[in-house]
Amino acid sequence: MCGIVGYCGSQSAVTPLIQALRHLEYRGYDSAGIALGVGGRLFVEKRAGKLANLESALDASPPLAHSGIGHTRWATHGGPSDHNAHPHVDNDGKLAVIHNGIIENYSELRVRLQSRGHTFSSETDTESVAHLLSDLRKEHQGDLAAAMRDAVKALRGSFTLVAIHADAPDVVVGVRRNSPLVVGLGDGENFLASDVAAFIDYTKRAIELGQDEVVRITPTTVEITDLGGRQIEPKEYEISWSPSAAQKGGFTHFMLKEIFEQPKAVADTLIGRLSDNKQIVLDDLQMSADQIRAIKKITVIACGTAYHAGMIAKYAIEKWAKIPVEVEIASEYRYRDPIIDVGTLILAISQSGETMDTLMALRHAKASGARVVAICNTNSSTIPREADAVLYTRAGPEIAVASTKALLTQMIAVYLIALHIAQVNGALNDRQVEELYNELLELPGKIQAILETVEPLRALTRSFAQNNIVLFLGRNIGYPVALEGALKLKELAYIHAEGFAGGELKHGPIALIDKGTPVIVILPVAHEDGLDEKMKSNIQEVKARGARVIVIAEEGAHIEGAEHIIRIPVAPALLQPVLATVPLQVFAYEMAVARGNDVDQPRNLAKSVTVE
Ligand code: AGP
């Protein structure tokens, strides 16, 4: 939440700062602002609303400066307004600071600083830092990095801070605690940013900053210290994403582009996972066969869409590997004394690798002695760096706030883990594993087939655009799909959408059904367990009460009572979510477009939820 950028170099700083904010806007879009160091004074411009408002304000004639900081905000303390927008400035008008996270002790700091004569002009927690840094910088004879080190010692919470002072305009200083900050190493220019997308147009060389590390950049130098002022040797890495991955590439929205990238994302995540001797290759887990055989219980921690991938992990691991799996909403996990022992393996699933709730749950599990494996899409982000091991999904950058391709690759990752454990502990034999793996390899082609026949669904969706409620029904592995369909619709169409387990319908939710209520049913794969028949009964029950029923069903399945049937290719029951999710993504996308909503940046949301 909140996107941060700092720049020092030879370009007119407005250009790389605005370009970076365009790439970071998905992290928050309640306001945007910049501060530039211009010959002994600061130029500050900030505007409530989207970045476009700031850009128009700057159109007149932005001053020439070669360093600056920029911010795009997701509001926590203080509503989205011009005066609460970042950067925040000290009373001398010379020091500016931007912030991502929450300063938990901001009110006591504010009282203390006011008693020392500082006047405040916003309701934010961040402004306290501007005043605090200002005092500390004076105490440290103008050394902003030393001031930042001391400031951090006085702060509680999670934060990334970046600051600039007009008297030394070619120095930008940053720090991180629990929130992300990366350094971009350019040629005669350097960057600080919340993520690499901010500077990928300028450089592919980066340094990930560690916890409680302070960084000071100039156009030609990067110095990193711990809070005691000791130098830290930076670990440089090469960014593998190409700049074009962060462009829309001809699609109207990032979300639509990312939906259409799913066949490739799934295929990429599967590359090289079966050896010539038919063993699932998951060296990424860094677990010996003995360690895997010693797993007694698996707990998945995740939030939102990633939580739905966790639910799928439960079905797959319990079915194939015969190990009990709990799935926990990460924000609830550490507050209820979970039972963790040496036989517990934790799977932390996160696209961004920065979700604070998941990170805190991970830390709790590690502190209790559990081994943590992350499933993550963002290289070198905090969750994989703090986990014992990481299996990276290979979805590429996901820019739209609504997660699509990341989810499908998370599903692939959990299937691979389930198969690997099942093969090692002997719950499945090599032939069974190979057959299932071959089914996984078929999925990219099947997703592609769905995407090639998606136009009628888009037209159908538009006919539901005025509805203010949509219900989703699933059973077994279709249940998390129903939850995901509802979550996508809520966040994009801003309507009441709920997912239910089909069997729960008669225990309450059926009271919601009224004449014309759209109900989307994920029909289970026909199987000897008869689940599909039970779901067909649910279809009749909701239809009898006036519902408009849309069914997602595999080719060939016989269905009565549906107003519309969306066909998906045949796949083994446990793999059906990879296919059934795709039409629901398209449905939510099209609803958002039809209702005139901002698809890539839905209201009140941010891509990375970096506060608890
Ligand atoms: C999904 O569409 C959401 N925007 C959201 O639920 C997201 O999946 C959740 O915040 C978890 O994010 P993460 O995968 O980056 O941890």
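Keep in mind it's a predicted model, so treat the numbers as computed, not measured. Order of listing sets the numbers, starting from 1, for every ligand and every atom in it.
By the 3.5 Å distance cut-off applied to N or O atoms, T305 is counted among the residues near ligand 1. Note: an N/O pair closer than 3.5 Å links T355 and ligand 1 by distance alone. Between V401 and ligand 1, a contact under 3.5 Å exists for at least one N or O pair.
Minimum heavy-atom separation, T299 to E328: CG2-CG, 3.7 Å. When every heavy atom of T610 is checked against every heavy atom of S179, the shortest pair comes out as O-OG, 4.1 Å.
When each of V182, V183, I207 is paired with V215, the side-chain contact (heavy atoms from CB on, under 4.5 Å) condition holds for V183 and for no other.
Between R334 and E612, at least one side-chain N (NZ, or NE/NH1/NH2) sits under 4.0 Å from a carboxylate O, which counts as a salt bridge. A salt bridge links E236 to R205: at least one charged side-chain nitrogen sits closer than 4.0 Å to a carboxylate oxygen.
Taking the six-membered ring where tryptophan is involved, the planes of Y415 and W320 are tilted, since the angle between them lies from 30° to 60°.
Near S352, the atoms of ligand 1 lying under 4.0 angstrom from a non-hydrogen atom of the residue are 13 (P), 15 (O), 16 (O). Those atoms of ligand 1 with a heavy atom of S403 less than 4.0 angstrom away are 1 (C), 2 (O). Of all the atoms in ligand 1, the ones that sit under 4.0 Å from a non-hydrogen atom of S350 are 13 (P), 14 (O), 15 (O), 16 (O). Ligand-side atoms of ligand 1 in range of Q351: 13 (P), 14 (O), 15 (O), 16 (O), range being under 4.0 angstrom from any heavy atom. Atoms of ligand 1 found under 4.0 Å from any heavy atom of A402 (numbered from 1 in listed order, with element): 2 (O).
At a heavy-atom distance under 4.0 Å, only side-chain atoms of K488, from C-beta outward, approach ligand 1. In E491, the part holding a heavy atom less than 4.0 Å from any atom of ligand 1 is the side chain.
Of all the listed residues (S608, G304, C303, A330), C303 holds the heavy atom that lies closest to atom 11 (C) of ligand 1.
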Run K50 and E25 through salt bridge (charged side-chain N to carboxylate O under 4.0 Å, His left out) and show every step you take. CA-CA 8 Å; K50 299 222 165 174; E25 201 180 12; 5.5 Å; no

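Of the inter-residue distances, the one linking T581 atom OG1 with I522 atom CD1 reads 8.0 Å to the nearest 0.5 angstrom.
Of all protein heavy atoms, the one closest to atom 10 (O) of ligand 1 is V609 CG2, 4.0 Å.
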